[in-house]
Amino acid sequence: MLAKETVTLEGLYTRHGAQVFRHAYFLLGSRDDAEDILQETFLRAHKALGNFATRSSHQTWLLRICTNLCYDHQRQKLRHQSAESALPIPSLQPDPAELAAQSETTQRLLRVLDGLPLADRTVLVLHLLEGLDYSQLAQVLDCTRPGAKMRTLRALRRLRERVERTFTTEERS
C-alpha cells in the first residue's frame, strides 16, 4: 500500500482504474455504464481521499465504492423501468458494434452472469475474475470473512446451476 502522503488520484487511477472499469462492466454489462461508474468512483474517491481509513487497501476501498455505485445504478434502472412499464420495452439485444468488440469468451460469460442476481455477480466477479481473497471480499462487501466465504459458495452454486441449465438448453436446440 502506498504511504498516505504519496497517494494521488492519478496514482490510484493508474494502479486500479482498469480493474474498477472491468468490475463495473461485468456487473452492469454495458461499456457506457461502466465508464460512467468508473468516473464516478474516482470522483468520490477524490472527495474522500483525505479521510481514507487504512483498515482496508486502496484496491478494496475503490472496489467497494464501485460496487455501491453499481447497486445504485441498478436500483435507478429498475425504478425507471417500472415507471415506464406501460411503454414498450426496447430490445435487450446488445449493440452490434459492442458485440464485435467483445471476445466470444466475454460474451458467453456475460450471458451466464446476466441471469444471476447482482449480489451474486458482484461476488463472482471480485473473487473469480479479480482474484480477491475472502478477507478482501469481506472488506468490499462490508461483511465478515466467513460471511464473504458463504456468499461466494452460494454464488458459485447458483452459477453452476445456471451454467448447467444454459448448456442443457443449448444442447437441446
- Cation-pi between R31 and Y25: NZ/CZ under 6.0 Å from ring centre and within 45° of the ring axis?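 Judged by the rule (NZ or CZ under 6.0 Å from the ring centre, within 45° of its axis), R31 counts as positioned above Y25.
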
- Task: Kindly say whether D133 contributes a backbone atom to a donor-acceptor pair with the side chain of Q136 at under 3.5 angstrom?
- Result: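 Confirmed, Q136 side chain pairs with D133 backbone.
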
- Taking R145 for its side chain and Y134 for its backbone only, find out whether a donor-acceptor pair lies under 3.5 Å.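 No; judged by distance alone, with no hydrogens or angles, the pair does not exist.
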
- Message: More than 12 heavy atoms of other residues, nucleotides or ligands under 6.0 Å from OH of Y13: yes or no?
- Response: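 Atom OH in Y13 is not crowded, with 12 or fewer foreign heavy atoms closer than 6.0 Å.
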
Can you confirm whether [X] sits close enough to [Y] that some side-chain heavy atom of one is under 4.5 Å from a side-chain heavy atom of the other?
X	Y	answer
T144	K149	no
F42	L49	no
L124	L129	no
H23	Q19	no
T122	C70	no
E40	E35	no
R162	R158	no

- Query: Hey, what do you get for CG (D120) to CG (L27), rounding to the nearest 0.5 Å?
  - Reply: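 With rounding to 0.5 Å, CG (D120) is 11.0 Å from CG (L27).
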
- Message: Please report the interatomic distance OG1(T60) to CG(L137), rounded to the nearest 0.5 Å.
- Response: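 Between T60 OG1 and L137 CG, I get 10.0 Å after rounding to 0.5 Å.
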
- Message: Can you confirm whether the side chains of S56 and Q139 place a donor and an acceptor under 3.5 Å from each other?
- Response: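 No - no donor-acceptor pair under 3.5 Å links their side chains.
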
